[in-house]
Every structure is written in C-alpha cells, then in structure tokens.
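Reviewing the structure listed below.
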Amino acid sequence: MKKKKPSLILTLSSAGLLIGGGIAGYWLLTQGKPLSRDLPPGATIIPQDALFAVSLTTDVRQWEQLRQFGTSEVQAEIDKNIVQLRDRFLSNNGYDFHKDIQPWVGEEVTLAVLANVDSSKPPAKPVAENIRTASSQQLVLVLPIKNAQNAKTALTQLQAKKGASLKERQYKNIPIKEIDINPSSTNEDFAVSVIENKYVVITDDSKAMEKAIDAYQAKTSLSTVPGYANNISKISSYQPFGQFYINVPTSAKIASAAPNRQFPAQVLSQLQTNQGLAGTITLENEGVRLKGVSWLNPNSSRVLRVDNSAGEMQNRVPAETLMMLSGGNLARAWADYSSTSQNNPLSPMPPEQLRNGFKSWVNMDLERDFLSWMNGEFSVSVIPTSKDSQDETFRAALVFMVKTNNRQRADAALKQLDEAMRSQYQFRIEEKQALGKPIINWIGPFGTLTASHGWMDDDVAFIALGAPIAEKILTTNQSDNSLARTQAFQKAVPSELNPINGQFFLDVERTSKNFPLPPLFPNQQIFLNATRSIGVTSAVSDNRSNRYDIFISLKKGGKPAPLPSPTVTP
C-alpha cells in the first residue's frame, strides 16, 4: 500500500497559482494568439466539484512580460519556482518542452485541484468527516491539442523510464497510459489520456483521470457549475494572462475539516450559500490587473442588497494618505460580517471579541450606541504627520469617518464616549475651534494629544487617533488637495465600476519604508520592495453577485536572464 500524499488545500491560493504558473511558464512558451473569450477548454473536462482551477495563456510574450516585473530578488524567486516545477514535471520524467510539447499544444492550459474523496462508494461517515479523512488532493492538467498528428506522435513515443512501470488500459472506451515511476516508493503515479483528439489530460492519480472522463462524458464538468458561465462573462478580457475559479462551499468544507479549524455549523451553512469566486488576470505596462466576481448558489434563498452608495470618502482625506478603506453602509457591513464570522476560528477579528472588548473599554454597547447610527458611507485611513510637524509622539493618525442620518443620536453617543474617557482613564476633554468648526480633543494624563473627533459636514463625523491632524482633515474637505486627485490613487484604484460600494488604496512603497507591516506570507519584504501600490474597487453587480477590480502597480527590473538548464537531461 502506498503512503498518503501530502495535502495541498491549505495553500490553494498561493500554491495553486504557483504550480499552474510554473508548469505553464516553462511548458507553454510558444507563439501566442489572441485568447478566445469563451470558457477555457479545460472547463469541459474538469469535474464541477473541483476545489480550484486556473487557466493560463501560452503566449511567450506575456510570460516574458511577467518575468520583467519586480526587483531582481523577485525575479530570482519567480524563476526558482518555475525551474523547480519544470524539472519536477518535465525534466525528471524525461521530457523536453520544445521537442515533446511545443509542436502540438494549444493556446492555454488548465490546472485543477480535486478533493481526493472517492465518490463511487457510499460514505460510511458524514460528508464532513469523509473529507476530514481524505489523504490528499489530486491534480488534473488539461492541454488542448492544436496539432493532432504531432500530439499522437509524442504520446505514441511515451515510454516509462528505467525502473518505472508502464501499463495501458481503457476506461469507458478511452485509452489511458499509466506510469508508476517508482513502484516501491510513494505518490509517483502519472496518467495520460487523449479525449476525442481534442485534449491531452494528465493527472497524478488514476482515479482523478476517471473523474475527468466521467465529467466530460456526463456533462458534469466545471462549465456546468451553476452561474459559472454567466459570471465568467462579466470579467472577460481580451488576451488575459489567466483565469481562476475557487469552489467556495467545497473549499469551506475542506478548510473546516482541518484540525483545530472546524467551522461552526451555522458558519458552514452560511458559506454553502456561496457558489464560486472567479477572476481574470491581465498584464499591463505598470502592473497586474485582476477582475473578480463572486456569486451565490442559484438555489439558495439568500440575496444581496444592491446598494452601491460609496465613492466620496477618497475626496475627504488628504493627498498624503498612505492607506484608505471605504465602504457603503457600515451598519449593514457589520451585520454581514458578524453573521459569517461569529465563532469562526479563521476570522481575523471575531465579532464577539470586538463587542466584549468595546464593552469592557468604555462600558458602552458597540451595536446599540454606535453602529445603529452609522448607516452611511465610511472609511478607515492611515494619514502621516506633516514633515514640518513639531509633535513626534505619533508619526501617523488612524482616521475613521462615517456618514449618518441621525446626527442627534451620534452627538449623544460621542458625548458619552468623551465622559467615559474622562472618568475612567483621566483624559482631559478639550473643545477647540478649527476652520470655524468645533473639535473635541482627548489630552492624555501626561499632556499628550491622543485623539480628536468632530464633524466635517452636518452628517459626516470623524475620529482621529494618534497624530493631531484634525485641522488637516478639515482643510482637505474644503480644498482640492485630496487623495482622489493624486496621480498615485488614480493610477492604482480601478475606475471601471460605477457606481461602487467600496474602495481600497495602499501606497505600499511609502508605507513599507516608514512603518513595519506584519508578516503575512513567506518572503514578504522581497515582494513589498517590488510593489508601488495596490488599489481595489468593489460593487454589487446584482442580487446574486459581487464584482471586484484590483490593480497592483509593480516596479520593473532589468531583462531577466534565461532560465537555468534542467538539472536532469531528458
């Protein structure tokens, strides 16, 4: 019996793209043609319960363009992964791309990750428990054929290396070649099949090959996933670099089955109302653009409220703002977040902890006393102090803004908050005037201005924590010196969607130089050094789907050197 294969599911977002990119980057450096706007060819082969799928262009010019982005360190990191995967899938198995693959491969390939759960047998355990005991995931690679004769010649010459075993069999009248590269070792299966002279399908597991054939013949492939075709059309682009799809409900089950990360039943039930998340990636002169869409299961009773009422907060923060996140309706956003994050171990900020923390901090109810009147557009920003500022206690301020339709209730809550800071923490509450508007300052026990709050207009309140920038905020509100008018913001934040329900902007270059960022992924600083800024725009497309546009502005290095030669000669 062979040992279990290691799980891939916990690194789908990064490893999936890396595996796909690595394979395609070396296998598919061919002469490119414009990519069809139809569904990727692999969509008719990949089973509809696939966890993840990515399709990538074969256009050599786009791959060379990708390798030019970033610093030399980033280029070296990308090339290292491409070489490792090239050797794993080609060189180590005796294949040369230009000789064995290039003469017949089509315009794009699709790589998918399947959950390794045997659906041919009735589960002896509940589905979640069956998934929990699944040993690994299976990989399926679909390569469309542009030259059938060359493909036939290449596959006819497919032979097992020394020490490996090769056998041929049929499954539902489709021939399959199986290679056990090392019969005495683990997870070395390799299966190849040609389906109707249209596709070469490669899997790392014989059962995965059978699943792909079943999906193609029974028309239960990715292309038949509810909402898939309609939503992919919303994000189609001319000659994209790639497309990806994530099966949300199945992925949630897998993630929930991981040790110590099991979702509560109500959270898992909520996630089951979501069907998919898909994106299209294109390369531009100054960076990478991603058009994304998420949609609900058409059979679920849940619907989205089409309310795109954001788009003003970027005009209210100053030009030097480092980061801004805005949304359309804070009270509703909190309600949605709370419903999917309650008791969720993967939630970055558990709502119950926020409620309890706020209660213990100032003895006020977060939802009743504050969120109840925060029913308009909101933003959270990081704004640095001016270069000539005399106060070095804080280098930046965290600024919260929100629009309300109940000024009276808001004033009462803020006044109660002031009193709590005075009585519980011995802050001195000081009222001043700035540009003809009243400003409330919190002066700490040691005489340091710690926070300020006030009103920009009759219905937009602000609270600034840290650096004293209240006057700067009010000045921006009465001038043209806003973030929205800067070239950096206009280049980074996508503007195609209109109206919108939220935006995000991060000046990565300035932020990473002046403020430490928490580590989120390996080699983070290398990639931060290669990034100028990140911009995101979101909108509710209809009552079943959301749209997201993302742009990552990247630096460019010199022309990369050719990839190193294979470590194993084919």
Side-chain angles (χ1 to χ4, degrees), residues 310-326 330 362 364 369-370 373-374 376-423 425-486 489 505 507 510 514-515:
E312 290 297 324
M313 288 302 182
Q314 65 272 23
N315 297 304
R316 298 181 182 274
V317 294
E320 57 267 37
T321 298
L322 296 174
M323 185 279 290
M324 186 207 72
L325 169 67
S326 70
L330 182 57
V362 291
M364 297 179 70
D369 296 328
F370 284 92
W373 52 267
M374 296 180 175
E377 184 178 2
F378 67 96
S379 68
V380 178
S381 305
V382 176
I383 304 173
T385 57
S386 301
K387 292 182 180 179
D388 57 354
S389 174
Q390 300 301 312
D391 187 350
E392 293 297 329
T393 305
F394 300 103
R395 298 173 59 192
L398 180 66
V399 179
F400 170 71
M401 297 182 184
V402 65
K403 189 173 184 178
T404 181
N405 63 358
N406 194 328
R407 171 71 181 264
Q408 182 178 2
R409 189 166 186 175
D411 279 332
L414 291 171
K415 185 175 182 180
Q416 185 178 350
L417 180 61
D418 291 339
E419 177 57 26
M421 297 305 296
R422 186 195 64 78
S423 60
Y425 300 100
Q426 288 74 54
F427 276 72
R428 178 162 53 90
I429 308 302
E430 175 186 78
E431 181 173 337
K432 285 194 172 184
Q433 291 283 320
L435 302 181
K437 295 180 179 292
I439 300 295
I440 304 299
N441 294 325
W442 294 351
I443 310 298
F446 298 101
T448 302
L449 175 59
T450 303
S452 303
H453 67 81
W455 292 87
M456 303 185 69
D457 295 315
D458 289 340
D459 57 356
V460 178
F462 74 88
I463 300 177
L465 304 176
I469 61 169
E471 187 168 341
K472 178 188 291 187
I473 295 171
L474 293 174
T475 301
T476 301
N477 198 41
Q478 298 179 9
S479 70
D480 294 331
N481 188 33
S482 67
L483 176 65
R485 292 182 175 271
T486 64
F489 181 88
F505 169 76
D507 189 323
R510 289 169 54 218
N514 295 285
F515 300 95

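All values below were derived from every heavy atom in this structure, side-chain atoms included, with hydrogens, water molecules and symmetry-related copies excluded.
With rounding to the nearest 0.5 Å, the separation of CG in Leu474 from CG in Leu435 is 5.5 Å. Here CZ of Phe489 is found 4.5 Å from CD of Gln314. Values are rounded to the nearest 0.5 Å. Rounding to the nearest 0.5 angstrom, the gap separating the OG1 atom in Thr476 from the CZ atom in Arg316 is 11.5 Å. Between atom CD1 of residue Ile473 and atom CD1 of residue Ile383 there is a gap of 5.0 Å, rounded to the nearest 0.5 Å. The CE atom of Met313 sits 8.0 Å away from atom OG of Ser326, with the distance rounded to the nearest 0.5 Å. Distance check: Met374 CE to Lys403 NZ gives 15.0 Å after rounding to the nearest 0.5 Å.
The existence of a salt bridge linking Asp411 and Lys415 is excluded, since no basic side-chain nitrogen approaches an acidic carboxylate oxygen closer than 4.0 Å.
Partners of Arg485 by side chain to side chain donor-acceptor pair (under 3.5 Å), not counting sequence neighbours: none found. Legend: residues meeting ring pair (Phe, Tyr, Trp, His ring centres under 6.0 Å) with Phe370, ordered by chain and number and at least two apart, are Phe358. Partners of Asp458 by salt bridge (charged side-chain N to carboxylate O under 4.0 Å, His left out), not counting sequence neighbours: none found. For Thr450, the side-chain contact (heavy atoms from CB on, under 4.5 Å) test picks out Phe427, with sequence neighbours left out. A search for salt bridge (charged side-chain N to carboxylate O under 4.0 Å, His left out) contacts involving Arg428 returns Glu430, not counting sequence neighbours. With sequence neighbours excluded, no residue satisfies side chain to side chain donor-acceptor pair (under 3.5 Å) with Glu377. In this view, Ala420 and Val362, Gln424 satisfy the side-chain contact (heavy atoms from CB on, under 4.5 Å) rule, not counting sequence neighbours. Considering only residues two or more places apart in sequence or on other chains, Glu312 meets the salt bridge (charged side-chain N to carboxylate O under 4.0 Å, His left out) condition with none of them. The side chain to side chain donor-acceptor pair (under 3.5 Å) search around Thr404 returns none, not counting sequence neighbours. Remark: Phe378 engages no residue in a ring pair (Phe, Tyr, Trp, His ring centres under 6.0 Å) (not counting sequence neighbours). In this structure Val382 satisfies the side-chain contact (heavy atoms from CB on, under 4.5 Å) test together with Leu322, Met323, Ala396, Leu398, sequence neighbours excluded. Scored by the side-chain contact (heavy atoms from CB on, under 4.5 Å) test, Asp418 finds Ile429, Ile440, Trp442, His453 as partners (sequence neighbours excluded).
Nearest heavy atom pair, residue Arg510 against residue Glu320, reads NH2-O, 2.8 Å. In this structure, Val317 and Ser381 approach most closely via the heavy-atom pair CG1-OG, 3.6 Å. Nearest approach of Pro438 to Glu431, heavy atoms of both residues: CB-OE2, 3.8 Å. Nearest heavy atoms, Asn315 versus Ser482: O-CB, 3.4 Å.
Around atom CD of Gln408, no more than 12 heavy atoms belonging to other residues, nucleotides or ligands sit under 6.0 Å away.
The main-chain N or O of Asn514 is found under 3.5 Å from a side-chain atom of Arg395 such that the two form a donor-acceptor pair.
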